[in-house]
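All remarks here apply to the structure that follows.
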Amino acid sequence: MTAKECGHHDSDEQRAKRITVAIVGFLAVVGVVVFLVWAILHPDKPRFTLQDVTIYAFNLTAPNLLTSNMQITLSSHNPNDKIGIYYQKLDVFASYQNQQITLPTLLPRTYQGHLDATVWSPILYGNAVPVAPFLEQGLNQDLNTGMVLLNIKVYGQLKWRVGTWISGRYQINANCPAYIAFSDRTKGIQVGSAMKYQLVQTCTVDVSLN
């Protein structure tokens with residue numbers, strides 16, 4: 001290899017190294033900027049509230065089958081004044097003692113602007129859902145005493161939006177306790193053959209990387 005060819009080869013290598021260093025430097029700067037924006041605007045979790053539950057059916061039949069039909073009013077508030085929230089997918093269902101008793105109901109995709117609130121009123125139902133035998137006795141006792149603790153659960157995915165920047169997907173899980181007083185009709189409102197219970201119950205919310 002001649003000295004001229006060797007010098008040309010060294011020049012190409014140096015140029016490639018400079019380009020690589022420039023790209024890495026640019027990505028590092030972008031990463032730092034995104035991190036600083038994220039650190040400064042660190043988003044607060046959305047706040048979910050279970051407003052009410054309307055019970056149309058809640059019957060336990062032999063051997064251990066539970067039929068339930070209810071409509072809930074669920075609200076979500078975005079507490080951030082500079083960050084929007086995209087709810088990519090939200091499923092909601094009812095559970096008893098950590099056992100799911102209704103089918104999941106998919107809520108519509110929603111964008112929630114700064115400090116905005118959203119209200120959903122999905123219907124939850126489960127027809128002849130088998131209840132675990134070890135839960136049947138407890139549920140019978142709760143029904144006999146007239147007080148049943150249900151949990152309305154929400155799970156899905158969201159994205160944060162800051163200006164035109166949109167984050168990756170995050171997992172969201174919300175749990176809303178609902179104390180249903182079947183024996184005390186003064187705590188409910190008669191709606192035809194159904195009973196509506198005003199709860200205004202704050203939900204626990206957990207948001208984590210997907």
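Heavy-atom basis, side chains included; hydrogens, waters and symmetry copies ignored.
- Here CG of L124 is found 9.0 Å from CD1 of I101. Values are rounded to the nearest 0.5 Å.
- For residues 87-105, the set of pairs meeting the salt bridge (charged side-chain N to carboxylate O under 4.0 Å, His left out) definition, not counting sequence neighbours, comprises K89-D91.
- For residues 159-210, the set of pairs meeting the disulfide (SG to SG under 2.5 Å) definition, not counting sequence neighbours, comprises C176-C203.
- Minimum interatomic distance between P46 and I172 (heavy atoms only, all atoms of both residues): CG-CD1, 3.8 Å.
- Distance check, rounded to the nearest 0.5 Å: OH of Y170 to NZ of K45 gives 13.5 Å.
- Of the inter-residue distances, the one linking Q201 atom CD with Y179 atom OH reads 7.5 Å to the nearest 0.5 angstrom.
- Of all non-hydrogen atoms in A178 and V53, the two that sit nearest each other are CB-CG2, 4.3 Å.
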Check: residues 139-151 side-chain donor-acceptor pairs under 3.5 Å, at least two apart:
| from | atom 1 | to | atom 2 | distance (Å) |
| --- | --- | --- | --- | --- |
| D142 | OD2 | Y96 | OH | 2.7 |
| N144 | ND2 | N140 | O | 3.1 |
| T145 | OG1 | Q141 | O | 3.1 |
| T145 | OG1 | D142 | O | 2.9 |
| N151 | ND2 | N175 | OD1 | 3.1 |

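- Applying the side-chain hydrogen bond (donor to acceptor under 3.5 Å, both in side chains) test to every pair with at least one member in residues 114-126, sequence neighbours left out, gives these pairs: Q112-T118.
- Rounded to the nearest 0.5 Å, atoms CZ (R18) and CD1 (I23) are 13.0 Å apart.
- Between atom CG of residue L103 and atom CG of residue N127 there is a gap of 9.0 Å, rounded to the nearest 0.5 Å.
- Inter-residue side-chain proximity for W160 and I85 is flagged as met; some heavy-atom pair is nearer than 4.5 Å.
- Residue pairs meeting the salt bridge (charged side-chain N to carboxylate O under 4.0 Å, His left out) criterion with at least one member in residues 97-115: none, sequence neighbours excluded.
- Counting all heavy atoms, side chain and backbone alike, H77 lies closest to P79 at O-CD, 3.3 Å.
- Follow the hydrophobic side-chain contacts under 4.5 Å out from V21 and you never reach F26; the two are in separate clusters.
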Result block: side-chain N/O donor-acceptor pairs under 3.5 angstrom for residues 54-70, not counting sequence neighbours:
| from | atom 1 | to | atom 2 | distance (Å) |
| --- | --- | --- | --- | --- |
| T61 | OG1 | L65 | O | 3.4 |
| N64 | ND2 | V131 | O | 2.4 |
| T67 | OG1 | A128 | N | 3.0 |

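- Applying the salt bridge (charged side-chain N to carboxylate O under 4.0 Å, His left out) test to pairs two or more places apart or on separate chains, none has a residue in residues 149-173.
- Smallest separation of non-hydrogen atoms from T110 and P108: OG1-O, 3.0 Å.
- Listed by first then second residue, pairs satisfying disulfide (SG to SG under 2.5 Å) with a partner in residues 55-116 number zero, not counting sequence neighbours.
- With N78 contributing its side chain and N80 its backbone, the two residues share a donor-acceptor pair below 3.5 Å.
- V200 and V191 fall into different hydrophobic clusters, where Ile, Leu, Val, Met, Phe, Trp and Tyr side chains are chained together by heavy-atom contacts under 4.5 Å.
- For the pair T102/V129, no side-chain contact is recorded, criterion being any heavy-atom separation below 4.5 Å from C-beta on.
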request  = Let me see the working for I152 and V92 under side chain to side chain contact (heavy atoms under 4.5 Å, CB included), right down to the final yes or no.
outcome  = CA-CA 7 Å; I152 306 301; V92 57; 3.6 Å; yes
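- Here K187 pairs with nothing under the salt bridge (charged side-chain N to carboxylate O under 4.0 Å, His left out) rule; sequence neighbours left out.
- Few gaps surround OH on Y111; more than 12 heavy atoms of other groups in view lie less than 6.0 Å from it.
- Contacts classified as ring pair (Phe, Tyr, Trp, His ring centres under 6.0 Å) and involving residues 135-155 (residues at least two apart or in different chains) are given here: F93-Y155.
- The side-chain heavy atoms of Q198 and Q51, taken from C-beta on, include no pair separated by under 4.5 Å.
- Applying the disulfide (SG to SG under 2.5 Å) rule to pairs touching residues 81-150 yields nothing, sequence neighbours excluded.
- By the salt bridge (charged side-chain N to carboxylate O under 4.0 Å, His left out) test, D206 pairs with no residue at all, sequence neighbours left out.
- With values rounded to the nearest 0.5 angstrom, D52 atom CG is found 3.5 Å from T73 atom OG1.
- Here the side chains of I166 and Y86 are in contact, with some heavy-atom distance below 4.5 Å.
- Within a 6.0 Å radius of CD in Q137, no more than 12 heavy atoms belonging to other residues, nucleotides or ligands are found.
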